[in-house]
Amino acid sequence: MKPINVGLLGIGTVGGGTFRVLARNREEIARRAGCEIAMKMVADKDLDKARRLVGKSATVTADANEVVGHPDIDIVVELIGGTGVAKELILKAIANGKHVVTANKALLAQHGNEIFAAAQKKDVMVAFEAAVGGGIPIIKSLREGLTANRIEWIAGIINGTCNFILSEMREKGASFADVLKEAQARGYAEADPTFDIEGVDAAHKLTIMAAIGFGIPMQFKSVHVEGISRLAQQDIRYAGELGYRVKLLGIAKRKEKGIELRVHPTLIPERRLIANVEGVMNAILVKGDAVGQAMFYGAGAGAEPTASAIVADLVDVARMLTADPEHRVPHLAFQPDRLSNTPILPMGEVETRYYLRMCVQDKPGVLADISRILADLSISIEAMVQKEPHPGEEQVDIIMLTHLTVEKNVDAAIARIEKLPVVVGKVTRIRLEELN
Ligand code: NDP
Ligand code: HSE
């Protein structure tokens with residue numbers, strides 16, 4: 001079979017890794033793909049950097065349009081990122097009949113429906129294994145390995161930067177700002193790191209997994225998103241004392257009335273395997289009715305782990321080139337005309353457990369007032385701890401863990417508790433998942 005020619009857009013962290021992995025494992029990859037996969041063109045704004053990395057092995061250009069329009073290019077690998085020029089280039093590549101491989105979860109979560117429809121019209125493939133979980137083959141697993149199952153829920157640590165920050169804060173007491181700088185230096189963070197720490201990147205990835213898991217269109221705007229930037233060191237410590245770890249989780253759960261889609265810091269019992277996933281590692285738990293729980297674990301970011309997924313997609317596309325388009329694996333696992341319109345539940349309807357921390361004046365009757373409010377709203381307390389008074393003050397932290405409760409009741413309880421004259425400041429609420 002003749003070689004497959006690849007054009008790379010953006011030779012930054014992941015693009016550089018992809019170039020290296022393709023070159024290093026060239027022979028092995030050709031044996032798997034059944035043909036050589038050759039990086040023929042590379043486009044990057046920084047021509048000197050691109051020339052330095054590529055040498056004479058590929059044509060280098062500063063104009064990505066040259067690559068997407070070039071008649072010799074079969075597959076375009078988009079590793080520029082963002083939803084602006086990357087979207088234009090991908091749509092142009094598709095219009096020109098090129099297959100596309102991308103790691104761009106932001107683009108797919110927001111414009112995936114449009115991109116897949118365009119690709120379907122032109123009978124080309126858009127592959128995106130690297131968009132979720134870095135090197136973990138979670139897209140392939142959800143789309144192919146688990147097709148027998150009715151997926152019940154997916155819960156994942158899907159942002160390496162946040163997990164790295166939380167691990168370093170818990171293990172070394174490191175400051176948030178210092179660890180974020182290190183994550184950026186290691187190439188884990190997004191171009192705009194607020195996407196990482198505010199949970200947006202995880203929400204992009206959750207949108208993609210939910211679409212594939214449940215056969216629904218991409219619905220990024222319906223995801224409830226909370227990041228880790230307001231998480232206090234003392235909550236990580238108190239959670240530890242109670243036997244829990246705090247992780248940024250992306251959760252997609254099928255319920256009777258619809259689907260919960262949420263990203264937020266979450267307490268997880270420390271005896272769960274997923275609670276012990278540290279550093280830049282990612283893990284995704286999938287609960288299917290037949291398989292039960294399956295956990296997928298691996299490096300969630302970084303040059304070569306992500307390149308591993310990009311190159312796997314290149315091989316997949318190369319293998320599928322000769323397949324009749326109707327018999328290829330559908331982009332979102334379900335046939336495009338069989339996607340369902342199951343509603344995404346509003347956050348108030350979500351049911352989970354809660355960690356509540358409130359700072360109160362150390363006076364008689366305070367607990368009774370708080371308990372009354374919780375009881376009025378049918379919120380049952382599973383555990384409660386009162387900490388030592390703050391040094392030199394007559395205020396104490398009270399921590400409560402609730403049983404399963406509907407979010408709107410917790411919202412109402414928090415609003416009433418914060419109005420009590422004995423309560424100082426805001427109530428901290430972190431959701432808790434047993435994941436069993
Ligand atoms: P980088 O910023 O390291 O790389 C992007 C590259 O594209 C840079 O070299 C940039 O040049 C170049 N570029 C920007 N605009 C253009 C343009 N118009 N034409 C040609 N080249 C351009 O990003 P990453 O490699 O980290 O990320 C790439 C994609 O992969 C993103 O979608 C990201 O979300 C995704 N991803 C990243 C992971 C990671 O671990 N880093 C993991 C999984 C997915 P310059 O630097 O001069 O602007
Ligand atoms: N910024 C992302 C992360 C890169 O930290 O997980 C991998 O998608």
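Ligands are counted one by one from 1 in listed order, and the atoms in each one are counted from 1 as well.
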Any side-chain to backbone donor/acceptor pair from Glu304 onto Gly302? Under 3.5 Å, distance only. no

Could you check Arg431 against Glu226 for side chain to side chain contact (heavy atoms under 4.5 Å, CB included), going step by step and ending with a plain yes or no? CA-CA 11 Å; Arg431 295 168 191 91; Glu226 279 173 45; 3.1 Å; yes

Between the candidates Asn104, Asp196, Ile80, which shows the shortest non-hydrogen contact distance to atom 19 (N) of ligand 1? Ile80

Please report whether atom 25 (O) of ligand 1 has a protein non-hydrogen atom at a separation of less than 4.0 Å. yes

For Ala189, which part has a heavy atom under 4.0 Å from ligand 2: side chain, backbone, both, or neither? backbone

Contact check: Asn282 vs ligand 2, nitrogen or oxygen atoms, below 3.5 angstrom: no

Should Gly302 be counted as touching ligand 1, given the test is an N or O pair under 3.5 Å? yes

Contact check, Gly187 vs ligand 1, heavy-atom distance below 4.0 Å: yes

Among all protein heavy atoms, pick out the one at the shortest distance from atom 3 (O) of ligand 1; state its residue, atom name and that distance to 0.1 Å. Thr13 N, 2.9 Å

Can you confirm whether the side chains of Asn5 and Asp72 place a donor and an acceptor under 3.5 Å from each other? no

Note the single closest protein heavy atom to atom 30 (O) of ligand 1, along with its residue, its atom name and the distance in Å. Ala103 CB, 3.5 Å

For ligand 1, is there an atom lying under 4.0 Å from some heavy atom of Lys49? yes

Nearest-neighbour protein heavy atom for atom 2 (C) of ligand 2, which is reported as residue plus atom name and distance: Glu190 OE2, 3.2 Å

We want to know whether Glu407 and Tyr354 form a side-chain donor-acceptor pair, criterion being a heavy-atom distance below 3.5 angstrom. yes

Any idea which part of Thr306 is under 4.0 Å from ligand 2, heavy-atom wise: side chain, backbone, both or neither? neither

Closer than 4.0 angstrom: is that true for some heavy atom of Gly134 and an atom of ligand 2? no

Under a 4.0 angstrom heavy-atom cut-off, which atoms of ligand 1 come close to Ala130? 43 (C), 44 (C)

Would you say His403 and Thr405 are linked by a side-chain donor-acceptor pair, where the criterion is simply a distance under 3.5 Å? no

Please report which non-hydrogen protein atom sits nearest to atom 6 (O) of ligand 2, along with the residue it belongs to and the distance in Å to one decimal place. Gly160 N, 2.7 Å

Are any of the side-chain nitrogens in Glu182 or Arg186 under 4.0 Å away from the carboxylate oxygens of its partner? yes

Regarding ligand 1, does Ala301 bring an N or O atom to under 3.5 Å of one of the ligand's N or O atoms? no

Taking atom CD1 of Ile284 and atom CD1 of Ile138, what is their separation to the nearest 0.5 Å? 4.5 Å

To the nearest 0.5 Å, tell me how far Asn409 CG sits from Glu351 CD. 10.0 Å

Where is the nearest protein heavy atom to atom 44 (C) of ligand 1: which residue, which atom, and how far? Lys105 NZ, 3.3 Å

Under 30°, 30 to 60°, or over 60°: which ring-plane class applies to Phe164 and Tyr188, parallel, tilted or perpendicular? perpendicular

Nearest to atom 8 (C) of ligand 1, what protein heavy atom do you find, and at what distance? Asp44 OD2, 3.6 Å

Closest to atom 37 (C) of ligand 1 among protein heavy atoms sits Val14 CG2, 3.5 Å

Nearest-neighbour protein heavy atom for atom 8 (O) of ligand 2, which is reported as residue plus atom name and distance: Lys105 NZ, 2.5 Å

Would Glu349 and Lys255 pass as an ion pair if we require N to O under 4.0 Å? no

Is Thr161 touching ligand 2 with its side chain, its backbone, both, or neither, if touching means heavy atoms under 4.0 Å apart? both

Looking only at protein heavy atoms, which one is nearest to atom 28 (C) of ligand 1, and what is the separation? Leu79 O, 3.4 Å

Measure the distance from atom 32 (O) of ligand 1 to every protein heavy atom, then report the residue, atom name and distance (to 0.1 Å) of the closest one. Gly81 CA, 3.3 Å

Checking a contact table here: which protein heavy atom is nearest atom 45 (P) of ligand 1, and how many Å away? Lys45 CE, 4.1 Å

So if I count the atoms of ligand 1 from 1 in the order they appear, which ones are less than 4.0 Å from some heavy atom of Ile11? 9 (O)

Check: of Gly300, Ala106, Ala202, min heavy-atom distance to atom 7 (C) of ligand 2 comes from Gly300

Going by an N to O cut-off under 4.0 Å, is there a salt bridge joining Glu278 and Lys247? yes

Thr61 side chain to Asp63 side chain, donor-acceptor N/O pair below 3.5 angstrom: no

Please determine if Arg143 forms a cation-pi arrangement with Phe128, meaning its NZ or CZ atom is less than 6.0 Å from the six-membered ring centre and no more than 45° off the ring axis. yes

Any protein heavy atom < 4.0 Å from atom 34 (O) of ligand 1: yes

Side chain to side chain contact (heavy atoms under 4.5 Å, CB included) partner of Lys87, chosen from Leu89, Leu91, Ile90: Leu91

Distance filter under 4.0 Å to Lys205 heavy atoms, resulting ligand 2 atoms: 2 (C), 3 (C), 6 (O), 7 (C), 8 (O)

Thinking salt bridges, do Lys205 and Asp201 make one under a 4.0 Å N-O criterion? yes

Salt-bridge criterion met for Lys253 and Glu433 (N-O under 4.0 Å): yes

